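Remarks on the structure that follows.
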Amino acid sequence: MSLEELSAIAEKTKAGRKQVCVRCCMSAGCMSSQADEIKKALDQTVASRNLGDKIEVRRVGCMGFCGKGPMVSVKSEGLLYEEVTPETAPSIIEALDGGVTSVAKGDPNHPFFASQTPIVRANGGIVDPERIEDYIELGGYEALDHAINELSPAQVVEAITLSGLRGRGGAGFPTGLKWSAVSKAKGERKYVVCNGDEGDPGAFMDRSVLESDPHTVLEGMAIAGYAVGATQGYLYVRAEYPLAISRLQIAIRQAKTHGLLGEGLFGSNFNFSVEIRIGAGAFVCGEETALMASIEGRRGQPRPRPPFPAESGLWGCPTLINNVETFANIVPIINRGAEWYAGIGTEKSKGTKVFALTGKIRNNGLIEVPMGITIREIVETLGGGTPDGTRIKAVQTGGPSGGCIPADLFDTPVDYDSLMKVGSIMGSGGMVVMAEDTNMVDVAKFYMEFCMEESCGKCIPCRAGTVQMFNLLKKILARKATLRDLEALEELCDMVKSTSLCGLGQTAPNPVISTLRYFRNEYLELLQPGAAE
Amino acid sequence: MKVIKPPLPSQDKRWKIIDAKMRKLGYEPNALIETLHTVQQAFGFLDTDALKWVSKSLRVPPSKVYGVATFYNFFTLKPGGAHTCVVCLGTACYVKGAAQILAAIETFAGIKSGETTPDKQLSLLTARCIGACGIAPTVVYDGAPAGRLTPEQAVDKMKGYLHVA
């Protein structure tokens, strides 16, 4: 493949486009509401009305507004349809042909969409994830050509460093620093690993990116491979995401056929191939050393660091491991420049972040917002408050490793450091809204049960500590606990946090610590009166 | 050293599919998880014969194979029912009442989560999060997710394919 051939594919695809494009969301959320039947109905109506030379029905990835799905959009006409059914779908085509439709129209300029800054999700809801031509039409794989043929590996690493991109898996480690460490590490074989083991309950950003735009992740991985000197990539995806896995398989096959993955990419001597590894349902595998153990076919148990994967990772070789969303940021940075990217966001947190906004919220779905936006803007402007107008009590970010942020701190800007300061974390991007009727002690118990069951059992503080904390929370909820139990709980939080081996254990107490910090009253109310001493 | 390949456990054609998978991955010990996925896809669960055979084929000690098979939630060592019903207990579903849905289904089916009905018709499972939070609360019936359910609707949907009173 050369740049000319790439442009030729783009031109040919563009020339074959119809006047009107009807986009039908076929992501997991909408698929569960018969999106495949809807697409079939749309296709059939186009055929039966002989509109085939004018209208194209395209399968696309997630449009973001999952709460109102299944969605169908006709961008050229500025139309967005919500809650479409296979029965009502034909009328959407009829409306384009002089008829009328009763399907509810959404507002494409709704604050939910207008307040977003799509970079990672720029292609979501636009390209057909199962056709590489769609991706190439919009300039896909040009960044890889540019990197290989016009930049040295060191220049690519420098661009990523200058962009200020930080890891989107949750911890926020500077991506450029990681790339530079792996590129400098000595070793004949090196690996690039993409962490798609999105285990946080309440988070589905990575699923959506993989389902909607798999090629942008593959291209990002290939660029990373060039930058650090690796020729083999592994994409670790959870088994719970069958649609993402099948679309990735299709994408890898198509990229290979087009010579965009494999040997001698863009006329150079750079080789890069990607293999998928399917997880088997273990939350701890999101931790990098556990994930690598799993790729090697072993139990997913973490090991102490150092050595860090950059020195000794997969099979003891230097390994670069980044999250799906991090890789999805690479192509835009190479295409539009590090300065452009560094211009978005705050001083220490650059770019955008994708959040899964769910729970007790009117507009739920996937959003991509610039770093530095306040929680209030997300919850009120984009989210539109609770569905029944009750007061929002708190927002939970970071899943089982994060914390609850109470309503009076909603002016906190969303960036790595500010969220840390208020006792939560950025996390991978789950944002669950809780209203007045949510009992915060119960929430803490919910997360503790999760960590207890997902603890891999390797180190004692996590294995035994989570059980003890869970039992104490259960005791408190049963109104059988005393003040002394609460003290024991706080002591355990501190111990498990300080002495666990990996991130899972070190952060497991966070939901308890943050709810104790902001909603201590709810705990105290449940304590057994008089039994305190 | 020439590796002696163990014979297929039986004439069942599904063993050939699994063998093909292992061959594709070079009979490397690191193919263990991928192989177990294939076994489970073919047979629905991992039985002792399969584990022993995989252990020999990939030259991984049986203890390690058993360790991996029991470490990961996705693998099951027991055969499931004809139908499966997976209740998502992720945070978004939880906030929207997944616990009540699970309770309603447990009452209706007369089994607890993780169990299979005595007539082998239904296995009831729970999931950590299936990533369909936008349509929470969610239940997956025989692989097809259904969203925005009330406990009543969740039970009604089962009546469709489960012929119990």
Side-chain angles (χ1 to χ4, degrees), chain A residues 28-33 62 64-67 69 198-204 206-208 238-242 244 277-283 285 294-301 315 356-360 364-366 396 399-400 430 432-435 438 443 446-447 450 453-454 456-457, chain B residues 24-25 28-38 40-41 46 54 58 60 63-76 86 88-99 125-141 143-149:
Chain A
C30 290
M31 285 292 263
S32 73
S33 313
C62 185
F65 210 164
C66 310
E198 184 175 53
D200 283 10
F204 56 98
D206 295 348
R207 172 179 69 73
S208 166
R238 6 175 11 215
E240 288 87 340
Y241 291 175
R277 281 288 180 270
I278 299 168
F283 175 68
C285 286
S294 185
I295 291 181
E296 292 173 10
R298 295 184 285 123
R299 294 163 67 118
Q301 288 183 311
W315 294 290
L357 186 62
T358 58
K360 292 276 172 71
N364 71 54
L366 213 59
Q396 209 280 346
V432 184
V433 178
M434 291 163 183
T438 312
V443 169
F446 168 82
Y447 281 117
F450 181 92
E453 282 177 15
E454 292 297 334
C456 79
Chain B
K24 202 180 144 208
L25 296 166
E28 289 287 332
N30 66 53
L32 178 58
I33 294 176
E34 295 287 307
T35 307
L36 293 183
H37 271 300
T38 315
Q40 185 152 313
Q41 233 166 30
L46 310 172
V54 169
L58 299 178
V60 179
S63 60
K64 290 244 163 95
V65 174
Y66 187 74
V68 166
T70 50
F71 180 83
Y72 294 97
N73 297 333
F74 200 77
F75 296 130
T76 164
V86 185
C88 178
L89 293 182
T91 320
C93 293
Y94 161 79
V95 170
K96 290 191 161 181
L125 303 164
T126 57
R128 279 293 165 216
C129 180
I130 60 160
C133 316
I135 52 165
T138 325
V139 178
V140 186
Y141 299 97
R148 302 188 198 102
L149 296 170

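A note on names: the letters A, B, ... follow the listed sequences, proteins ahead of strands, and every chain is numbered from 1. The structure presented is a predicted model; accordingly, all values stated were derived computationally and were not measured.
The two residues A98(B) and L89(B) make their nearest non-hydrogen contact at CB-CD2, 3.8 Å. Among all heavy-atom pairs drawn from F75(B) and H37(B), the shortest one is CE2-N, 3.7 Å.
C456(A) touches chain B through backbone and side chain together, each having a heavy atom under 4.5 Å away. For chain B, the nearby part of R207(A) is the side chain; its heavy atoms alone come within less than 4.5 Å. The part of E454(A) that comes within reach of chain B is its side chain, from C-beta onward, which places non-hydrogen atoms under 4.5 angstrom from that chain. The contact between R277(A) and chain B is made by backbone and side chain atoms together, counting heavy-atom distances below 4.5 Å. With a threshold of 4.5 angstrom between heavy atoms, I295(A) approaches chain B through N, CA, C or O but not through any side-chain atom. For Y241(A), the part lying under 4.5 angstrom from a heavy atom of chain B is the side chain only. Proximity to chain B involves both the backbone and the side chain of S294(A), based on heavy atoms less than 4.5 angstrom apart. Using a 4.5 Å cut-off between heavy atoms, A356(A) makes no contact with chain B at all. Contacts between F450(A) and chain B at a heavy-atom distance below 4.5 Å involve backbone atoms as well as side-chain atoms. Looking at Y447(A), only its side chain comes within 4.5 Å of chain B, counting heavy atoms on both sides.
A distance of 9.5 Å separates CZ in R238(A) from CZ in F283(A), rounded to the nearest 0.5 Å. Distance check, rounded to the nearest 0.5 Å: NZ of K64(B) to CG of L58(B) gives 13.5 Å. Here the CZ atom belonging to F204(A) is positioned 6.5 Å from the OG1 atom belonging to T358(A), to the nearest 0.5 angstrom. In this structure, CD1 on I33(B) lies 11.0 Å from CZ on R299(A), to the nearest 0.5 angstrom. Here the straight-line distance linking atom SG of C66(A) with atom CG of L366(A) works out to 6.0 Å at 0.5 Å rounding.
Heavy-atom pairs under 4.5 Å with chain A peak, among V95(B), N73(B), V65(B), at N73(B). Heavy-atom pairs under 4.5 Å with chain B peak, among Q301(A), M31(A), E240(A), E296(A), at E296(A). With chain B as the partner, the residue from A280(A), G297(A), G202(A) showing the most heavy-atom pairs under 4.5 Å is A280(A). With chain A as the partner, the residue from A146(B), C133(B), G90(B) showing the most heavy-atom pairs under 4.5 Å is C133(B). Between chain B and the residues A203(A), A239(A), G199(A), the most heavy-atom pairs under 4.5 angstrom are made by A239(A).
Residues I130(B) and P145(B) form a side-chain contact, since some pair of their non-hydrogen atoms from C-beta on lies under 4.5 Å apart. For the pair L36(B) and Y72(B), the minimum side-chain heavy-atom distance is 4.5 Å or more.
Here E453(A) pairs with R128(B) in a salt bridge; the nearest charged N to carboxylate O distance falls below 4.0 Å.
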